[in-house]
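Input: a single structure, listed below in structure tokens.
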Amino acid sequence: MRRLLTSSLIVALVVLGCGLAFAAEDGKALYDSKCALCHGKDGVAKPAAKGSKNFNDPAFQSEMSADAIAKMTTDGKNKMPAFKSKLSPEQIQAIAAHVKTLGPAK
């Protein structure tokens with residue numbers, strides 16, 4: 001019984017660890033499907049999406065934390081719709097984390 005319980009715990013931890021590893025990838029995939037249309041896959045806003053932020057702008061990256069990006073994504077701003085009813089808080093956090101990776105190369 002003890003071995004079964006230990007084995008089950010190990011399997012659960014491995015599965016949980018794999019799920020956490022995929023979270024970052026999910027942020028990119030979600031960004032690509034939900035945000036890139038206006039903000040570009042590389043974070044450079046599309047010309048037709050007037051008012052969209054360039055996520056690779058150093059000023060944007062220094063002024064906006066991942067939490068601030070998540071709040072803006074949740075609530076929407078100007079022409080950008082709110083995603084609170086379309087995405088889970090975890091998905092929004094994953095997108096925000098991905099946006100922080102779009103800053104200019106150092």
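Counting from 1, the numbers follow the sequence of the chain as shown.
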TODO: Begin from the C-alpha positions of Asp26 and Gln91 and carry the test side chain to side chain contact (heavy atoms under 4.5 Å, CB included) through to its verdict.
DONE: CA-CA 8 Å; Asp26 288 345; Gln91 289 173 313; over 6 Å; no

Task: Sequence neighbours excluded, every pair satisfying side chain to side chain donor-acceptor pair (under 3.5 Å) that has a member inside residues 64-74 - done: Lys71-Asp75

Open item on the list: According to side chain to side chain donor-acceptor pair (under 3.5 Å), does anything in residues 48-60 pair up with another residue at least two apart or in another chain? List the pairs.
Closed with: none

TODO: Measure up the Phe55 and His39 rings against each other and bin them: parallel (under 30°), tilted (30 to 60°), perpendicular (over 60°).
DONE: parallel

Open item on the list: Holding to salt bridge (Lys or Arg N to Asp or Glu O under 4.0 Å), I want the full list of residues that pass it with Lys77, two or more places apart in sequence or in another chain.
Closed with: none

TODO: Not counting sequence neighbours, which residues clear salt bridge (Lys or Arg N to Asp or Glu O under 4.0 Å) with Asp32? List them please.
DONE: Lys28, Lys41

Open item on the list: Going by side-chain hydrogen bond (donor to acceptor under 3.5 Å, both in side chains), name the residues that satisfy it together with Lys46, two or more places apart in sequence or in a different chain.
Closed with: none

Open item on the list: Please enumerate all residues that pass side-chain hydrogen bond (donor to acceptor under 3.5 Å, both in side chains) together with Gln93, with sequence neighbours excluded.
Closed with: none

- [ ] State, to 0.1 Å, how close Ala96 and Ala66 come at their nearest heavy-atom pair, and which atoms those are.
- [x] CB-O, 3.3 Å

Open item on the list: I want to check something: taking the side chain as every heavy atom from C-beta on, are Leu102 and Asp42 in contact at a cut-off of under 4.5 Å?
Closed with: no

Task: Distance in Å, Met72 CE paired with Ile92 CD1, rounded so as to fall on 0.5 Å steps - done: 12.5 Å

Task: Atom pair NZ/CG of Lys34 and Leu87 - distance to nearest 0.5 Å - done: 6.0 Å

Task: side chain to side chain contact (heavy atoms under 4.5 Å, CB included) evaluation trace for Phe60 with Ile69 - done: CA-CA 10 Å; Phe60 175 86; Ile69 294 166; 4.0 Å; yes

